[in-house]
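The structure appears below as structure tokens.
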Amino acid sequence: MDAFRIVGGRPLKGTVRINSAKNAALPLMAATLMAPDSKLLGVPDLSDTRSMIKLMASLGVAAEITPSAVKGAPGMDLACKVTSTEQSQASYDIMKTMRAGICVLGPMVGARGEARVSMPGGCAIGDRPIDLHLRGLKALGAKIELDGGYIVVRAPGKDGRLIGARVFLGGPNGSTVTGTANVLSAAVLAKGTTVIECAACEPEVVDLANFLTKMGAQISGAGTPRMIIHGVDSLKPATHQVMADRIEAGTYVCAAAMTGGDVVLENFPTDTLAAAIDRWNEMGVTLEPVNLKRGQTFEPGLSDSVRVVCERVIRATEIVTQPHPGFPTDLQAQFMALMTLAEGNSIVTEKIYPDRFMHAPELQRMGAKIIRINNVAVVSGARGLTGAPVMASDLRASASLVIAGLAARGETTINRVYHLDRGYQQMEVTLRALGADIERINVKEG
Ligand code: EPU
């Protein structure tokens with residue numbers, strides 16, 4: 001199995017272009033089911049997006065892959081062609097490798113009137129139910145049953161169309177991101193008007209709404225808790241550039257700050273990271289806009305280039321993960337790594353996935369002082385980390401261990417980096433270009 005070997009202690013220096021977002025690309029790819037010849041530009045080349053291409057092929061959508069035309073961006077452009085509408089089953093074989101395969105549920109039932117999707121299993125970051133997805137589709141009139149591990153969803157009536165309705169998507173931990181994507185996609189081709197209350201406000205949902213709008217959908221309120229969708233009879237093909245990855249961007253900010261380097265991040269999605277920027281600022285990490293012309297002021301809302309600037313001492317802080325625009329759970333593990341080097345005690349409260357702390361014991365193996373009680377962890381910083389063999393257990397936990405390894409004294413081996421390959425494009429290549437001593441090795445597991 002692939003592992004990373006890192007010799008820590010080298011400050012990162014140079015420029016990185018942030019790739020497009022995995023969590024935007026996956027529902028966008030699923031949405032191509034609904035219009036015959038759409039194109040997605042800058043899809044990140046990851047094991048998850050490759051799995052989605054396979055899943056789409058099994059559902060009759062062929063993707064012609066060409067390398068992204070953007071200089072310095074190693075992503076893919078996908079020309080997606082609906083070749084058949086016969087197949088409606090998202091099989092267990094693919095779904096077990098990628099939970100986000102659930103994103104095909106809404107587009108399938110919306111466009112074809114029927115979907116059979118393997119029930120996604122549990123996952124290292126805790127329980128990940130889909131009751132809200134199903135509740136939303138049921139409100140649109142769908143008939144839902146479980147058959148041999150598959151969720152079977154059918155539109156009512158002979159015309160195979162769902163019926164617009166008022167849908168409430170609030171759950172115990174807030175809204176649901178992929179659940180909102182599913183209900184939104186399904187509602188676009190429903191008869192009548194759908195109002196989604198407690199819709200997820202995540203930027204990836206807005207990116208999906210923008211793509212669907214280009215296809216001819218009528219959507220208002222994307223990015224707010226109330227979305228209104230007027231159903232249309234058909235959609236037309238559209239071309240769309242996938243938004244920049246706010247989590248990849250945040251991971252590289254933490255890496256630069258932990259190694260005390262000088263890093264410029266291009267294509268940085270500043271407007272999607274307000275909560276994280278607020279916390280970095282409190283810790284003494286600021287993002288300075290670069291390449292502004294004389295007299296020009298930084299305009300929030302633009303993807304831009306920023307330089308990561310750190311004060312000599314990183315200070316402790318508190319984070320509470322929340323739905324967007326609150327602090328993102330997908331950056332919690334990377335912040336925890338940064339907190340291990342801060343002066344004072346930091347507090348992490350995880351409100352989205354209360355058990356998402358698999359990185360904590362691994363960071364402790366590297367010398368971090370962390371006490372966890374239920375969904376709260378206290379990190380006592382400023383002691384420095386030392387390299388150790390550690391185990392990656394999920395995507396963001398792996399990212400946290402990599403950046404800890406970059407800052408640690410000595411050698412760190414991170415096993416099972418296939419988790420990382422699901423969401424970070426060529427991370428070791430990017431980090432090596434910034435001066436890190438990191439290599440991908442193959443280790444035999446007993
Ligand atoms: N929830 C329910 N019922 C549901 C769905 C969700 O109770 O039907 C709960 C979950 O248990 C959780 C909360 O609602 O406590 C939020 O879950 P959500 O459905 O929003 O998560 P998701 O859509 O499955 C996406 C990202 C995750 C990210 C979460 C939260 C994708 C493909 N995945 O998952 O990304 O952590 O939103 O922001 O978009 C990652 O990239 O590492 C990752 C795990």
Criterion side-chain contact (heavy atoms from CB on, under 4.5 Å) on L59 and M108, from CA distance to verdict: CA-CA 9 Å; L59 296 171; M108 286 284 292; 3.9 Å; yes
N19-E248 side chain donor-acceptor pair, cut-off 3.5 Å: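 Present: a donor and an acceptor within the cut-off.
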Distance-only side-chain donor-acceptor flag, R422 / S47, under 3.5 Å: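 The answer is no; no qualifying pair exists.
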Partner residues of [X] under the ring-ring contact (aromatic ring centres under 6.0 Å, His included) criterion, sequence neighbours left out:
X: Y252; answer: none
X: F211; answer: H240
X: H419; answer: none

Between [X] and [Y], what is the shortest heavy-atom contact and its length?
X: G423; Y: L46; value: C-CD2, 3.5 Å
X: A21; Y: A244; value: CB-O, 3.8 Å
X: L55; Y: G101; value: CD2-CA, 3.7 Å
X: P27; Y: L208; value: O-CD1, 3.9 Å
X: A255; Y: L12; value: CB-CD1, 3.9 Å

Is any side-chain heavy atom of [X] less than 4.5 Å from a side-chain heavy atom of [Y]?
X: L331; Y: L273; answer: yes
X: W280; Y: L338; answer: yes
X: S305; Y: N267; answer: no
X: M227; Y: V205; answer: yes
X: L169; Y: V183; answer: yes
X: L341; Y: M258; answer: yes
X: I229; Y: I196; answer: yes
X: F268; Y: D304; answer: no

Where at least one partner belongs to residues 323-336, residue pairs that pass salt bridge (Lys or Arg N to Asp or Glu O under 4.0 Å), sequence neighbours excluded: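 Qualifying pairs, neighbours excluded: D330-R356.
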Side chain to side chain donor-acceptor pair (under 3.5 Å): pairs with one or both residues in [range], sequence neighbours excluded:
range: residues 188-197; answer: D159-K191, R166-E197, T193-H230, E197-R226
range: residues 255-265; answer: D262-R307
range: residues 50-59; answer: D45-R50
range: residues 20-44; answer: D37-K81

Say whether, by atom type as modelled, one donor and one acceptor occur between the side chain of [X] and the main chain of [Y] under 3.5 angstrom.
X: T272; Y: P203; result: no
X: Q332; Y: Q334; result: no
X: N182; Y: P107; result: no
X: R161; Y: G110; result: no
X: N173; Y: I352; result: yes
X: S185; Y: A31; result: no
X: E428; Y: E439; result: no
X: E350; Y: Y353; result: yes
X: R116; Y: S88; result: no

Roughly how far, to the nearest 0.5 Å, is [atom2] of [Y] from [atom1] of [X]?
X: S346; Y: M339; atom1: OG; atom2: CE; result: 4.5 Å
X: S68; Y: L40; atom1: OG; atom2: CG; result: 12.0 Å
X: I319; Y: M336; atom1: CD1; atom2: CE; result: 7.0 Å
X: R10; Y: L431; atom1: CZ; atom2: CG; result: 12.0 Å
X: L33; Y: C103; atom1: CG; atom2: SG; result: 11.0 Å
X: L137; Y: L134; atom1: CG; atom2: CG; result: 6.5 Å

Salt bridge (Lys or Arg N to Asp or Glu O under 4.0 Å) between D421 and R440, intermediate numbers included: CA-CA 11 Å; D421 294 334; R440 186 179 285 260; 2.8 Å; yes
Residue that, paired with V43, satisfies side chain to side chain contact (heavy atoms under 4.5 Å, CB included) out of L28, L78, L26, D77: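 Of the listed options, the one satisfying the test is L78.
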Residues in salt bridge (Lys or Arg N to Asp or Glu O under 4.0 Å) contact with E318, at least two apart in sequence or another chain: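 Salt bridge (Lys or Arg N to Asp or Glu O under 4.0 Å) check on E318 returns nothing, list empty.
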By salt bridge (Lys or Arg N to Asp or Glu O under 4.0 Å) - contacts of R112 (at least two apart):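 Partners of R112 by the salt bridge (Lys or Arg N to Asp or Glu O under 4.0 Å) criterion come out as none, since no residue qualifies.
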Derivation and outcome, side-chain contact (heavy atoms from CB on, under 4.5 Å), residues L212 and L184: CA-CA 9 Å; L212 294 170; L184 164 64; 3.8 Å; yes
Lys/Arg N to Asp/Glu carboxylate O, D437 vs R5, below 4.0 Å: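 Salt bridge: yes.
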Pair R99 + D48, salt bridge at N-O below 4.0 Å: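 Looking at D48 together with R99, the answer is no, because their closest N to O distance does not fall below 4.0 Å.
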By side-chain hydrogen bond (donor to acceptor under 3.5 Å, both in side chains) - contacts of E202 (at least two apart):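 In terms of side-chain hydrogen bond (donor to acceptor under 3.5 Å, both in side chains), with neighbours along the sequence ignored, E202 is linked to no residue.
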Candidate pair T239 and K214, rule side-chain contact (heavy atoms from CB on, under 4.5 Å), full reasoning: CA-CA 8 Å; T239 298; K214 286 180 196 166; over 6 Å; no
Intermediate values then yes/no, side-chain contact (heavy atoms from CB on, under 4.5 Å), M1 and N442: CA-CA 5 Å; M1 262 186 217; N442 196 268; 5.6 Å; no
Test of ring centre spacing under 6.0 Å for Y92 and Y150: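 Y92 vs Y150: aromatic centres not under 6.0 Å.
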For residues 395-408, please give each side-chain donor-acceptor pair under 3.5 Å, one per line with the distance, not counting sequence neighbours.
residue, atom, partner, partner atom, Å
R396, NH1, Y424, OH, 3.1
S398, OG, D394, O, 2.5
S400, OG, A333, O, 3.2

